[in-house]
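What follows is a set of notes on a single structure, which appears directly below.
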Amino acid sequence: MACDIAGSAGRGQQRLQEIRGALRSVLSGALDVAELDRRDVSYVDTGDGCRLVAPAGLPKAELLVPLLPELSARIRGHNRQAGPDTRLRVRVAVHAGEVRFDPDGIVSGTPFEVLARLLDAAPLRRAAVAGPDGAPVAAILSQHYYEETVGHGYEGLEADAFTAAEVVVKEYAARAWLWYPGSPVGPRPEEEAEPRSAATGPRPVEAGQQPTEAEPRTVEQVVRATGHGTVFAVARGVQHIRSNERG
């Protein structure tokens, strides 16, 4: 698992150290709630984020639930008390594979290349800045990790909590899966209306359209990608891309 603090650049040395400490604190608390022994999980500070390496015997689902919802809740709590320069938004990428531990304790392997590409993926970056204050946690799972965890009956890992996204970063191209606040896995925003019934299902909201009182909010995230005239919207389980450019 790799974590990256969104928008960490430009805050200055003192603020950077504060948000790094805040990330480590909320992540440590989330690991405790998830009953994951921190002594078994390798923690590597990456400057504006971190990387966790879990033991091979750990069930993959335990790095998702309740860890991600708890991390999101703890970041929300931190942000309510923090000033604008020390608030957190965190991108998370999750993948699994064989790694090598060198004699000096350094961990390496090709799974980290996949993690780096996922963490830099445009769909994840867009999800992280959704909403007026951004998402506290936006996560992306590799196809392999998704297939090993979602839809196998684990509580909280229902398929409609995740959204498919195509990732193209440098030479890496693959399908991945987004998890975002408001999905059934995570804590629901206080202002969000009750979801539509299963019979009618969610209806996509057109760009610029505001939900009426009779129309519950069905779009979880709406982001305008600067410079491209593109509206990105994620309804529960469905991703919509609409171009506003003429021609």
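Using a 4.5 Å heavy-atom threshold, the side chains of Val167 and Tyr172 count as touching.
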Please tabulate, for the side chains in residues 30-38, all donor-acceptor contacts under 3.5 angstrom to protein atoms that are two or more places apart in sequence or on a different chain.
unit_1 : atom_1 : unit_2 : atom_2 : d
Asp32  : OD1    : Arg38  : NE     : 3.2
Asp32  : OD1    : Arg38  : NH2    : 3.3
Asp32  : OD2    : Arg38  : NH2    : 3.2
Asp37  : OD1    : Arg39  : N      : 2.9
Asp37  : OD1    : Arg39  : NE     : 3.1
Asp37  : OD2    : Arg39  : NE     : 3.4
Asp37  : OD2    : Arg39  : NH2    : 2.9
Arg38  : NH1    : Ser28  : OG     : 2.3

I'd like a table of donor-acceptor pairs (distance under 3.5 Å, sequence neighbours excluded) in which one partner is a side-chain atom from residues 96-106, with atom names and distances.
unit_1 : atom_1 : unit_2 : atom_2 : d
Asp104 : OD1    : Ile106 : N      : 3.3

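With sequence neighbours excluded, no residue satisfies side-chain hydrogen bond (donor to acceptor under 3.5 Å, both in side chains) with Gln81. Not counting sequence neighbours, the partners of Glu147 by the side chain to side chain contact (heavy atoms under 4.5 Å, CB included) test are Gln143. Remark: Ser25 engages no residue in a side-chain hydrogen bond (donor to acceptor under 3.5 Å, both in side chains) (not counting sequence neighbours). Under the side chain to side chain contact (heavy atoms under 4.5 Å, CB included) criterion, Arg87 pairs with Asn79, Ala82, Pro84, sequence neighbours left out.
Taking CG of Leu119 as the reference point, atom SG of Cys3 lies at 8.0 Å (rounded to 0.5 Å).
Arg20 places a side-chain N or O within donor-acceptor distance of the main-chain N or O of Gly47, the cut-off being under 3.5 Å.
Under a 4.0 Å N-O distance rule, the pair Arg11/Asp85 does not qualify as a salt bridge. Salt-bridge formation is not detected for the pair Arg51/Asp45: no Lys NZ or Arg NE/NH1/NH2 atom is positioned less than 4.0 Å from an Asp or Glu carboxylate oxygen. For the pair Glu113 and Arg117, the salt-bridge criterion is not met [side-chain N within less than 4.0 Å of a carboxylate O].
Here the two rings, on Tyr146 and Trp177, have centers that are under 6.0 Å apart.
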